Amino acid sequence: MPELPEVETVRAGLEKYVLNRRISSAHSYHLRAIKPSSISPLAAVVGAKIRAVKRRGKFLWFELDREFTLVAHLGMSGQLLISSKQLPDQSHLRARIELQKAAGLAGKKSASDEIRFIDQRTFGWLSIEQMHDQVPTSVAHIAYDPFEADFNLKEVITNISSRKSAIKPAILNQEIISGIGNIYADEALWRAKIHPEIICEDLSEDEIKKLINSAKAVMKSAIKAGGTSFDQQYKNVNGASGYFSRSLSVYGRAGQPCSRCSTLIRRIAFANRSSHFCPRCQR
DNA sequence: AGGCCTGTTATTAT
DNA sequence: AATAATAACAGGCC
């Protein structure tokens with residue numbers, strides 16, 4: 001679930017609660033919670049003040065008043081919740097970052113809270129990293145996402161149009177364009193009326209342009225809806241589900257009629273993933 | 001009971 | 001060398 005719109009929802013939620021807060025303690029509870037390449041144990045963040053919460057694609061990071069930054073990736077099932085310290089630990093709690101009382105909030109409920117990293121399937125991680133060129137080490141190879149000012153539509157079109165793979169794996173490739181996962185890939189392809197298995201080289205530049213603009217548009221709508229939740233795995237920082245799943249046109253709708261032409265939506269297994277598309281709209 | 005699944009990356013193949 | 005395809009990582013749901 002956590003693709004760009006879900007990660008952005010989490011990022012914005014975190015920003016609201018943790019900006020300029022100081023970290024009073026940090027603990028991890030699972031071997032896989034901290035990325036093996038992390039340059040320090042999680043405890044290195046204790047005493048640091050959170051200066052910003054940034055995101056590129058599906059990666060997010062906390063800028064600190066330190067030489068290093070705290071990076072987070074939610075993987076398949078990760079959550080970052082703002083939680084009262086009083087709440088009992090959730091199952092699959094992988095790490096806890098306690099925040100000092102916010103100035104002027106003494107006695108208030110939000111005065112005593114923490115960030116909890118919860119991850120059932122443990123593909124997510126936290127990591128302490130150096131910054132290079134505005135982004136942490138593990139983000140250096142990730143392409144701009146379409147919401148970044150430096151995202152270059154023309155360059156991405158040129159890149160995709162020279163490839164010999166199918167179009168769907170190309171837009172899922174985080175080194176070409178970041179943020180798109182299986183759900184929004186299927187939705188973007190449906191909006192642009194492109195079959196997921198068409199070879200990149202065989203698409204016109206206009207078709208690729210339409211596809212990228214569709215991806216950006218569908219993700220923008222999803223951010224507005226708080227992201228897509230199918231089960232209990234994707235939550236915003238307050239533990240609430242997003243409601244964009246009701247707006248999906250193809251993903252998870254196999255056997256249901258296409259909203260444009262009423263043809264039944266098909267689901268095929270392809271490149272280790274399932275793809276949903278309208279066999280009539282998407283040739 | 002076994003197949004399925006939102007993501008990334010290392011390895012292998014071309 | 002660069003690009004493409006595949007497998008592996010976990011665990012709980014149906």
Side-chain angles (χ1 to χ4, degrees), chain A residues 1-10 29-38 55-60 71-80 90-94 117-127 129 136-143 145 158-189 196-202 215 218-219 222-223 225-236 241-245 248 250-255 267-276:
Chain A
M1 257 132 294
E3 303 180 27
L4 186 153
E6 292 74 37
V7 179
E8 173 56 23
T9 302
V10 169
Y29 305 113
H30 192 280
L31 182 65
R32 290 163 56 90
I34 307 301
K35 206 177 189 217
S37 59
S38 176
R55 181 190 57 72
R56 169 175 292 178
K58 306 169 194 173
F59 290 73
L60 71 81
V71 190
H73 196 289
L74 301 179
M76 300 280 249
S77 58
Q79 302 174 6
L80 288 169
Q90 293 85 344
S91 51
H92 312 299
L93 178 69
R94 305 305 186 197
F117 175 51
I118 293 151
D119 189 13
Q120 174 200 112
R121 289 167 68 185
T122 68
F123 287 176
W125 45 259
L126 303 177
S127 175
E129 298 180 14
T137 311
S138 62
V139 185
H141 69 290
I142 299 297
D145 71 55
T158 305
N159 183 332
I160 291 177
S161 61
S162 69
R163 288 179 179 262
K164 294 164 174 51
S165 72
I167 184 63
K168 183 169 170 185
I171 58 171
L172 287 172
N173 184 337
Q174 305 298 304
E175 298 186 358
I176 301 174
I177 176 174
S178 69
I180 302 172
N182 205 35
I183 297 170
Y184 299 108
D186 282 359
E187 294 299 311
L189 287 161
E197 291 177 294
I198 297 278
I199 302 302
C200 294
E201 277 185 330
D202 296 338
V218 71
M219 291 194 291
I223 291 168
T228 299
S229 304
F230 290 114
D231 50 25
Q232 292 308 299
Q233 295 316 323
Y234 164 66
K235 300 281 190 66
N236 69 14
S241 295
Y243 51 90
F244 194 71
S245 61
L248 296 175
V250 282
Y251 191 89
R253 294 191 69 246
R267 174 182 168 277
I268 58 173
F270 161 54
N272 263 341
R273 288 270 175 289
S274 62
S275 289
H276 310 73

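All chains are named by letter (A, B, ...) in the order of the sequence lines, taking the proteins before the strands, and each is independently numbered beginning at 1. What you are looking at is a predicted structure, and each value in this text was computed from that prediction instead of being measured.
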* Could you go step by step and tell me if A:Gln79 and A:Val10 meet the side-chain contact (heavy atoms from CB on, under 4.5 Å) rule? -> CA-CA 8 Å; A:Gln79 302 174 6; A:Val10 169; over 6 Å; no
* Under the side chain to side chain contact (heavy atoms under 4.5 Å, CB included) rule, collect the residues that match up with A:Ser245, sequence neighbours excluded. => A:Thr228, A:Phe230, A:Leu248
* To do: Measure from CG on A:Leu60 to P on B:dT8 and round the result to the nearest Å.
  => 12 Å
* Asked: In chain order, what residues pass the side chain to side chain contact (heavy atoms under 4.5 Å, CB included) check against A:Arg273, with sequence neighbours excluded?
  -> A:Asn182
* What is the distance from CG of A:Leu172 to P of B:dC5, rounded to the nearest Å? -> 14 Å
* Structure fact -> Across all chains, not counting sequence neighbours, the side chain to side chain donor-acceptor pair (under 3.5 Å) partners of A:Ser165 are none
* Asked: What residues form a ring pair (Phe, Tyr, Trp, His ring centres under 6.0 Å) with A:His73, not counting sequence neighbours?
  -> A:Phe59, A:Trp125
* Structure fact -> Residues passing the side chain to side chain contact (heavy atoms under 4.5 Å, CB included) test with A:Ala225, sequence neighbours excluded, are A:Tyr243, A:Phe244
* To do: Check side chain to side chain contact (heavy atoms under 4.5 Å, CB included) between A:Ala143 and all other residues, then give those that pass, not counting sequence neighbours.
  => none
* Say you pick atom P in B:dG3 and the same atom in C:dA7; how far apart are they, in whole Å? -> 15 Å
* **Under the side chain to side chain donor-acceptor pair (under 3.5 Å) test, residues paired with A:Ser127 that sit two or more places apart** => A:Glu129
* Send over the distance from A:Met76 CE to B:dT8 P, rounded to a whole Å. => 9 Å
* **Residues forming a side chain to side chain donor-acceptor pair (under 3.5 Å) with A:Arg94, sequence neighbours excluded** => none
* Structure fact -> By side chain to side chain donor-acceptor pair (under 3.5 Å), A:Glu187 pairs with (sequence neighbours left out) none
* Structure fact -> Between CD1 of A:Ile183 and C1' of B:dC4 the distance, given in whole Å, is 14 Å
* To do: Measure from CG on A:Leu4 to P on B:dT8 and round the result to the nearest Å.
  => 11 Å
* Asked: For A:Leu126 and B:dT8, what is the distance between atoms CG and C1' respectively, to the nearest whole Å?
  -> 16 Å
* In whole angstrom, what separates A:Asn159's CG from C:dA2's P? -> 14 Å
Just the atom pairs and distances: protein N or O near nucleotides 9-14 of chain B's N or O, under 3.5 Å.
from	atom 1	to	atom 2	distance (Å)
B:dT9	OP2	A:His141	NE2	3.1

* Is DNA chain B part of any stem, that is, at least 3 consecutive Watson-Crick or G-U pairs with both distances under 3.5 Å, and where? -> B:2-5 with C:11-14, B:7-14 with C:2-9
* To do: Determine, stepwise, if the pair A:Asp119 / A:Ser77 fulfils side chain to side chain donor-acceptor pair (under 3.5 Å).
  => CA-CA 5 Å; A:Asp119 189 13; A:Ser77 58; 2.6 Å; yes
* Hey, is the side chain of A:His73 poking within less than 4.0 Å of OP1 or OP2 on B:dG7, counting only N and O atoms? -> no
* Between B:dT8 and A:Gln174, is there an OP1 or OP2 to side-chain N/O distance shorter than 4.0 Å? -> yes
* Asked: What string of B, S and - do you get for nucleotides 4-9 of chain C, 5' to 3', when a contact is any protein heavy atom under 4.0 Å?
  -> SS-B-B
